[in-house]
**Q** 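Dropping the structure in here first, questions after.
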2 protein chains.
Amino acid sequence: MKHALNQKPDYEKELRKAGVRITRPRRIILDILTSTEDHPDAMKIFHRAIEIDDSISLSTVYRTMNLLEEMGAIHRHAFNGGPSRFEQAHGEHHDHLIDVDTGDVIEFQSDKIEKLQEEIARALGYDIIHHRLELYGRKSKRPE
Amino acid sequence: MKHALNQKPDYEKELRKAGVRITRPRRIILDILTSTEDHPDAMKIFHRAIEIDDSISLSTVYRTMNLLEEMGAIHRHAFNGGPSRFEQAHGEHHDHLIDVDTGDVIEFQSDKIEKLQEEIARALGYDIIHHRLELYGRKSKRPE
DNA sequence: AATGCAAATGCGAATGATTTGCAAAAAGAA
DNA sequence: TTCTTTTTGCAAATCATTCGCATTTGCATT
Ligand SMILES: [Mn+2]
Ligand SMILES: [Mn+2]
Ligand SMILES: [Zn+2]
Ligand SMILES: [Zn+2]
């Protein structure tokens, strides 16, 4: 259960290595993604982007998110079944607790849960490729 | 980790009690939902419905799903970020393992995981309202 | 620095899932 | 049966996302 704000990974280098061109829109979008703590959706990323370069299009944001997702550079979430929201993949794995009143997203990590998931899948004859765990909760009144 | 095909709950009675009219389309959709083992999406429910009464519209399916969800009679899932899929809420809580190759949905239940989730939320000062746990996996080659 | 070409962009139109407005039909109380 | 309200079917609207295509850009090569 810990946060990890480590050193930024060099996505540009990774992109180049994969034979992908590093363009102005991509650079800007990557900057946005690596320098935020939250989980913005495409529209929010778009708005932050046009603040830096107002010629960037929403299509390019979507295309770039798909590209980065395929490269494993970002993760896509769909809290509440709403529009896709993103975060950079770098850093240790974590899951999310969503405050149903405020919409706040709290990150947490539990080895125990990860282990249990593996066990369950194995008991069913499966290997986990990925998973999604979202807790939707409300601030508790009780003393902690 | 067990299935539970118990006695069907009387949704019609519940609907009436809530002051909701019990119409032909609703009766048909409820029948479909209570008599299936899978997790159909709106379109699939629609197709099964018009087989019984070809005057039912897709809008009504969607409206009915929203109604039943609000009443807590069904659960809505969005596996893979695809279209909403539904199942009757009746029966004990369970989570899902999705076979990434076949799309098969396997249900499972683990008290341990449920407990752990509670603990985690509590440690963060929250009470869980609901949660979503989806494991995406592939049949393992290893001996079980 | 100029050239060439594939890759990426911006734009707007298309898509797919879901919702909505509205007149007509059906439910249920009286 | 009549009356009032809810629900329906249909078509059009919305929302998030993708796509087609002419134009621009990245970048490897002269
Ligand atoms: Mn996160
Ligand atoms: Mn299920
Ligand atoms: Zn996890
Ligand atoms: Zn659960």
Side-chain angles (χ1 to χ4, degrees), chain A residues 11-32 39-71 73-86 103, chain B residues 11-32 39-71 73-86 103:
Chain A
Y11 286 123
E12 295 202 13
K13 181 164 287 176
E14 280 194 49
L15 287 174
R16 279 218 168 71
K17 184 161 37 176
V20 172
R21 291 186 183 171
I22 165 72
T23 64
R24 186 165 157 71
R26 284 176 179 164
R27 219 189 308 269
I28 290 173
I29 291 172
L30 276 173
D31 273 354
I32 291 171
H39 303 75
D41 61 22
M43 191 55 81
K44 193 164 290 173
I45 293 170
F46 171 61
H47 282 129
R48 292 181 194 173
I50 54 180
E51 203 121 337
I52 299 163
D53 176 347
D54 72 334
S55 74
I56 289 172
S57 79
L58 182 55
S59 307
T60 295
V61 172
Y62 276 110
R63 278 189 284 236
T64 303
M65 300 325 285
N66 287 337
L67 174 76
L68 295 178
E69 187 185 21
E70 276 161 30
M71 300 203 25
I74 61 171
H75 288 146
R76 176 191 302 263
H77 304 290
F79 304 135
N80 281 312
S84 289
R85 295 172 61 174
F86 309 89
Chain B
Y11 287 124
E12 295 201 13
K13 182 163 287 176
E14 279 193 49
L15 287 173
R16 279 219 168 70
K17 183 161 39 177
V20 172
R21 290 184 185 174
I22 166 73
T23 65
R24 186 164 158 73
R26 283 175 181 165
R27 219 189 308 267
I28 291 173
I29 291 171
L30 276 174
D31 274 354
I32 292 171
H39 303 75
D41 61 22
M43 190 56 79
K44 191 163 290 174
I45 293 170
F46 172 61
H47 281 128
R48 293 181 192 172
I50 55 180
E51 205 121 335
I52 298 163
D53 176 347
D54 71 334
S55 74
I56 288 172
S57 78
L58 182 54
S59 308
T60 295
V61 173
Y62 277 110
R63 277 189 285 235
T64 303
M65 299 326 285
N66 286 338
L67 173 75
L68 295 178
E69 187 184 22
E70 275 161 31
M71 299 202 29
I74 61 172
H75 288 145
R76 174 191 302 262
H77 304 290
F79 303 135
N80 281 313
S84 290
R85 296 172 60 175
F86 310 90

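We name chains A, B, ... by the order of the sequence lines, and we start the count at 1 in each one. Atoms considered below: every heavy atom in the structure, side chains included; atoms not considered: hydrogens, waters and symmetry mates.
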**Q** To the nearest 0.5 Å, how far apart are CD in A:E51 and CD1 in A:I28?
**A** 11.5 Å

**Q** Nearest-nucleotide wise, let me know which of A:L67 and B:D41 is further upstream toward the 5' end of DNA chain C.
**A** A:L67

**Q** Is the count of non-hydrogen atoms from other residues, nucleotides or ligands lying under 6.0 Å from A:E12 atom CD greater than 12?
**A** yes

**Q** Taking for each residue the nucleotide of DNA chain D with the nearest heavy atom, is it B:L58 or A:Y62 whose nucleotide lies nearer the 5' end?
**A** B:L58

**Q** Side-chain donor or acceptor of A:R21 under 3.5 Å from a matching atom on the base of C:dA6?
**A** yes

**Q** Using the side-chain heavy atoms of B:S84, tell me which of these nucleotides is nearest: C:dA8, D:dC27, C:dT18.
**A** C:dT18

**Q** Looking at the side chain of A:P83, which of D:dT8, D:dA16, C:dT18 is the nearest nucleotide?
**A** D:dA16

**Q** Round to a whole Å and report the spacing from CE of B:M43 to P of C:dT19.
**A** 13 Å

**Q** Distance check needed: D:dG26 P versus A:L15 CG, whole Å only.
**A** 14 Å

**Q** What is the separation between atom CG on B:D53 and atom C1' on D:dT7, rounded to the nearest whole Å?
**A** 14 Å

**Q** Measure CE/B:M65 against P/C:dA17 and give the value in whole Å, please.
**A** 16 Å

**Q** With a 4.0 Å cutoff (strictly under), does any side-chain N or O of A:T23 reach OP1 or OP2 of D:dT25?
**A** no

**Q** Looking at A:S59, does any N or O in its side chain come under 4.0 Å of the phosphate oxygens OP1/OP2 on C:dG12?
**A** no

**Q** Measure up the A:F79 and A:H77 rings against each other and bin them: parallel (under 30°), tilted (30 to 60°), perpendicular (over 60°).
**A** parallel

**Q** For D:dG26, does the base pair up with any side-chain atom of A:R16 as donor and acceptor (N or O, under 3.5 Å, distance only)?
**A** no

**Q** Rounded to whole angstroms, how far apart are NE2 on A:H47 and C1' on D:dA16?
**A** 14 Å

**Q** How close or far is atom C1' of C:dT9 from atom CZ of A:R27, stated in whole angstroms?
**A** 15 Å

**Q** Please give, in whole Å, the distance from D:dT17 P to A:R76 CZ?
**A** 7 Å

**Q** Given side chains that start at C-beta, do those of B:Y62 and B:M65 come closer than 4.5 Å, heavy atoms only?
**A** no

**Q** Can you tell if the side chain of A:I56 reaches within under 4.5 Å of the side chain of A:R48, non-hydrogen atoms only?
**A** no

**Q** If you assign each of B:R63 and B:R85 to its closest nucleotide in DNA chain C, which residue comes earlier from the 5' end?
**A** B:R85

**Q** Reckon A:N66 has a side-chain N or O less than 4.0 Å from the OP1 or OP2 of D:dT18?
**A** yes

**Q** Below 4.0 angstrom from OP1 or OP2 of C:dT9, is there any side-chain N or O of A:S55?
**A** no

**Q** Is it the case that the base of D:dG26 and the side chain of A:R26 share a donor-acceptor contact (distance under 3.5 Å, atom types as modelled)?
**A** no

**Q** Can you measure B:E70 atom CD to D:dT7 atom P for me and round it to whole angstrom units?
**A** 12 Å

